[in-house]
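Below: the structure, in structure tokens.
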Amino acid sequence: MNSKKITVSEIRAMKNRGEKIAALTAYDFAMAKLLDECGVPFLLVGDSVGMVVLGYPDTTHVTMAEIEHHLRAAARAKPNALLGADLPFKSYETISDAVANAKKLAAAGAEFVKAEGGREILPQVKAILENGIPFCGHLGMLPQHVLEEGGYKIKGKQEAEQQKLLADAQALADAGAFAIVLELVTPPVAKAISEKISAPTIGIGSGPDCDGQILVTHDLTGSFPWFTPKFVKPRANCAAEIKTAVAAWKNSIGSE
Ligand code: KIV
């Protein structure tokens, strides 16, 4: 259990102390409470909720109302962990939308908001920060752009892409992002970004040298058995446990 409330400053301090940051998704009260009891300092109501809970094919279908609903449930756990939420697809296209929706998430319990993109969303990022809401960046493979990109592709293989990632990370950090998620970035580029910027990098499928790691909890716990990303090593098989428990209970009906 986290013994004291984790703040964005504490997450930054962990990087300065060389302490790796563990981050996981939590979309409801029970999971937020359990992960907080495990001492995970960084929890995210990610728009991955759309895929592993709501059954959408990708995250572009997730709405503000859905994120707010799951966020309120997670926030009721009152975790000592820092709790943040994703701004969903198309909710931050303009500065006024970005600020209005970030405020809605803050009102629903988010202690930070996360949005996907680099310098192209800098005006939105600055406006969110000017309104006193901490911001977490998200670079590399951007799931909200999966339809345009035609798939989930590794980023940072070409020189131009590497330079773009470094410049975007620097710009977000300079603007005041307290952390930056790096998704499917080639490990040497993720390492270079982590060494260059002062804000902690939180990797997902980006190698071991990020300042922290984030996973979708369903992937980690084997709770969504129909698809597991290649870079995830599930540490449990909750889907199998559920099936075993249900089968045992079904067979016991009438005899116990
Ligand atoms: O939506 C999500 O859960 C995320 C993380 C896995 C980085 O963005």
Side-chain angles (χ1 to χ4, degrees), residues 11 20-28 31-32 35 40-64 66-71 73-74 81-92 101-102 105 110-118 121 125 134-147 149 152-155 165 168-169 172 177-185 190 193-194 199-207 210-224 227-235:
I11 297 294
K20 291 287 185 188
I21 301 156
L24 284 169
T25 58
Y27 316 119
D28 60 35
M31 191 54 77
L35 298 179
V40 176
F42 183 124
L43 299 180
L44 176 72
V45 182
D47 58 3
S48 52
V49 68
M51 297 172 79
V52 298
V53 173
L54 302 177
Y56 294 136
D58 57 62
T59 60
T60 65
H61 303 265
V62 177
T63 64
M64 269 298 292
E66 286 164 344
I67 290 282
E68 285 176 272
H69 172 81
H70 285 274
L71 171 59
L82 183 70
L83 176 68
D86 270 341
L87 279 162
F89 186 54
K90 289 205 184 290
S91 69
Y92 52 99
N101 287 321
L105 295 184
E111 295 162 318
F112 69 89
V113 298
K114 175 167 83 58
E116 297 180 7
I121 63 160
V125 173
F135 181 81
C136 178
H138 187 148
L139 295 173
M141 193 282 291
L142 305 179
Q144 292 176 7
H145 292 254
V146 67
L147 300 177
E149 297 238 333
Y152 299 99
K153 297 180 183 151
I154 294 174
K155 297 287 168 163
L165 282 166
D168 281 342
L172 289 175
F178 79 95
I180 301 178
V181 168
L182 297 180
E183 181 155 4
L184 289 187
V185 171
I193 295 172
S194 307
T201 58
I202 313 290
I204 172 159
S206 299
C210 296
D211 302 303
Q213 297 289 333
I214 186 162
L215 286 178
V216 169
T217 302
H218 285 62
D219 295 337
L220 174 68
T221 57
S223 302
F224 191 82
F227 174 75
T228 308
K230 280 201 193 93
F231 56 83
V232 178
K233 186 168 136 199
R235 306 292 172 136

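For ligands, and for the atoms within them, numbers begin at 1 and follow the listed sequence. Sequence positions, counted from 1, serve as the residue numbers for this chain. Computation of the quantities below employed the complete heavy-atom set of this structure, encompassing side-chain atoms and omitting hydrogens, waters and symmetry-equivalent molecules.
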>> Within this structure, what is the NE2-CE distance for the pair H218 and M31, rounded to the nearest 0.5 Å?
In response: 6.5 Å

> For the residue pair F42 and F112, does the interplanar ring angle fall in the parallel (under 30°), tilted (30 to 60°) or perpendicular (over 60°) class?
Replying inline: tilted

> If you measure from OG1 on T60 to NZ on K90, what distance do you get to the nearest 0.5 Å?
Replying inline: 9.5 Å

>> Ignoring hydrogens, what is the shortest heavy-atom contact between L220 and K233? Give both atom names and the distance.
In response: CD1-O, 4.4 Å

> Listing by chain and number, which residues have a heavy atom under 4.0 Å from ligand 1?
Replying inline: T25, L44, G46, D47, S48, D86, K114, H138, V181, I204, I214, V216

>> Under a 3.5 Å threshold, yes or no: a donor from one side chain and an acceptor from the other, between D211 and T201?
In response: yes

> Does a sphere of radius 6.0 Å around NE2 in H61 hold more than 12 heavy atoms from other residues, nucleotides or ligands, not counting ones at 6.0 Å or beyond?
Replying inline: yes

